[in-house]
There are 2 protein chains.
Amino acid sequence: MSAAETLTRSLNAWKGQTFDAARCPVRDVIDHLGDKWSTLLIMVLADGPQRFSAIRRAVPDISQRMLTQTLRDLERDGLIEREVFPTKPPSVEYRLSPLGRTLLDPLAALVGWAEGAHPQIVRARTAYDQVA
Amino acid sequence: MSAAETLTRSLNAWKGQTFDAARCPVRDVIDHLGDKWSTLLIMVLADGPQRFSAIRRAVPDISQRMLTQTLRDLERDGLIEREVFPTKPPSVEYRLSPLGRTLLDPLAALVGWAEGAHPQIVRARTAYDQVA
DNA sequence: CGGAATCCAGCCCGATACTG
DNA sequence: CAGTATCGGGCTGGATTCCG
């Protein structure tokens, strides 16, 4: 089955039903990954388990608040695991869960596409704004 | 190269540089796709060219304003093309551009993952909320 | 070190009304 | 039919402060 057919079929699965966005994976899962930091944090953790402050250094422009919150959301979705080491001062390690690791393949495909398409997209924007 | 290596390498490409989010594809492209409607509209257009009102019927809960705006943004990025037929009343057709079609494969992979992982994610959330 | 709590700005997005 | 214009609420996310 082609990619287009896969996507069309995924859409049509929701035709006619009393519409419930919460039960549609595209909305319930992908939209959630689409927030400002989720994909970036998963990419950081793809390299291996990381401590809170190490993640923070890897993503310099994230605020402490959003780092905590995004990690919590990913943990709640079962994509990452959190382990506390009762040292003094405490240290906390985050790692991808088995489910989270299954996301790496499709995510790498998307990131690869984004890198390849980025120059064309930048050019398209310039051309569009030229006219308008 | 493994998916994890691909992602890590993509991240490390930005280490040390004076950080400029606009030049990072993950932020400039993927975050943009992460808005509420973009992926959904691309999925609709994967089936073939569609008129404005047909797209609207396919995504019942989008407002006219957001449909117009999201289509404009996708057109600006060069992912879709817009053609006006000067009939009376006018009709406008939208279709994926060649560049837009190259997104279908990675997008289908991600949507496929989301469908497969959705049940596990729902269960993870329930378990998490149980404890908290 | 890794948070939690609070406050607040911006903008995303929806609802509504009007147009060529 | 396919928009545009305007208004306004709510949520995302940043800055700051405090805590174990």
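Proteins get letters first, then strands, A, B, ... in listed order; numbering begins at 1 in each.
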Item to complete: Take Ser63(A) and Ser53(B), find for each the nucleotide of DNA chain D with the closest heavy atom, and name the residue whose nucleotide sits nearer the 5' end.
Response: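 It is Ser53(B) whose nearest nucleotide is closer to the 5' end.
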Discussion item. Please compare Arg65(A) and Gln64(B) by the position of their nearest nucleotide in DNA chain D and report the one closer to 5'.
Written reply: Gln64(B)
Fill in: Path from Trp14(B) to Leu41(A) over hydrophobic side-chain contacts below 4.5 Å
no
Worksheet item: After noting the C-alpha distance and the side-chain angles of Phe52(A) and Leu71(A), does the key distance pass the side-chain contact (heavy atoms from CB on, under 4.5 Å) rule?
Response: CA-CA 9 Å; Phe52(A) 187 88; Leu71(A) 287 169; 4.1 Å; yes
Worksheet item: Which residues satisfy the salt bridge (Lys or Arg N to Asp or Glu O under 4.0 Å) test with Glu5(A), sequence neighbours excluded?
Response: none
DNA chain D contacts among [range], heavy-atom distance under 4.0 Å:
range: residues 78-95 of chain B; result: Arg82(B), Pro89(B), Pro90(B), Ser91(B), Val92(B), Tyr94(B)
range: residues 66-74 of chain A; result: Met66(A)
range: residues 32-48 of chain A; result: Lys36(A), Trp37(A)

Worksheet item: Heavy-atom distance under 4.5 Å between the side chains of Leu45(A) and Ile55(A), does that happen here?
Response: yes
Worksheet item: Taking five pairs at each end of the helix from dC1(C)-dG20(D) to dG20(C)-dC1(D), what angle separates the two helix axes (nearest 10°)?
Response: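 Both end axes considered, the difference amounts to 50°.
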Side chain to side chain contact (heavy atoms under 4.5 Å, CB included) against [X], all qualifying residues, sequence neighbours excluded:
X: Ala54(B); answer: Gln50(B), Arg57(B)
X: Leu11(A); answer: Leu40(B), Met43(B), Val44(B)
X: Ser97(B); answer: Glu81(B), Leu99(B)
X: Val131(B); answer: none

Fill in: Qualifying residues under side chain to side chain donor-acceptor pair (under 3.5 Å), relative to Arg101(A), sequence neighbours excluded
none
Discussion item. Looking at every heavy atom in both Asp61(A) and Trp37(A), which two are closest together, and how far apart are they?
Written reply: O-CH2, 3.5 Å
Worksheet entry | Shortest non-hydrogen contact from Phe85(B) toward Glu93(B) | CE1-CB, 3.7 Å
Fill in: Interface limits on DNA chain C, where chain A has a heavy atom under 4.0 Å of a nucleotide atom
dC1(C) to dT6(C)
Fill in: salt bridge (charged side-chain N to carboxylate O under 4.0 Å, His left out) between Arg125(A) and Asp77(B), worked out
CA-CA 5 Å; Arg125(A) 284 180 191 162; Asp77(B) 281 6; 2.6 Å; yes
Side chains of residues 105-122 of chain B: which donor-acceptor partners sit under 3.5 Å, not counting sequence neighbours?
unit_1: Trp113(B); atom_1: NE1; unit_2: Thr102(A); atom_2: O; d: 3.4
unit_1: Trp113(B); atom_1: NE1; unit_2: Thr102(A); atom_2: OG1; d: 2.9
unit_1: Glu115(B); atom_1: OE2; unit_2: Ser10(A); atom_2: OG; d: 2.7
unit_1: His118(B); atom_1: NE2; unit_2: Asp28(A); atom_2: OD2; d: 2.8

Worksheet item: Is the shortest side-chain N to carboxylate O distance from Glu83(A) to Arg95(A) below 4.0 Å?
Response: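 Counted as a salt bridge, because a side-chain N and a carboxylate O are separated by less than 4.0 Å.
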Worksheet item: Run the side-chain contact (heavy atoms from CB on, under 4.5 Å) check on Tyr128(B) and Thr126(B) step by step: do they pass?
Response: CA-CA 5 Å; Tyr128(B) 186 94; Thr126(B) 311; over 6 Å; no
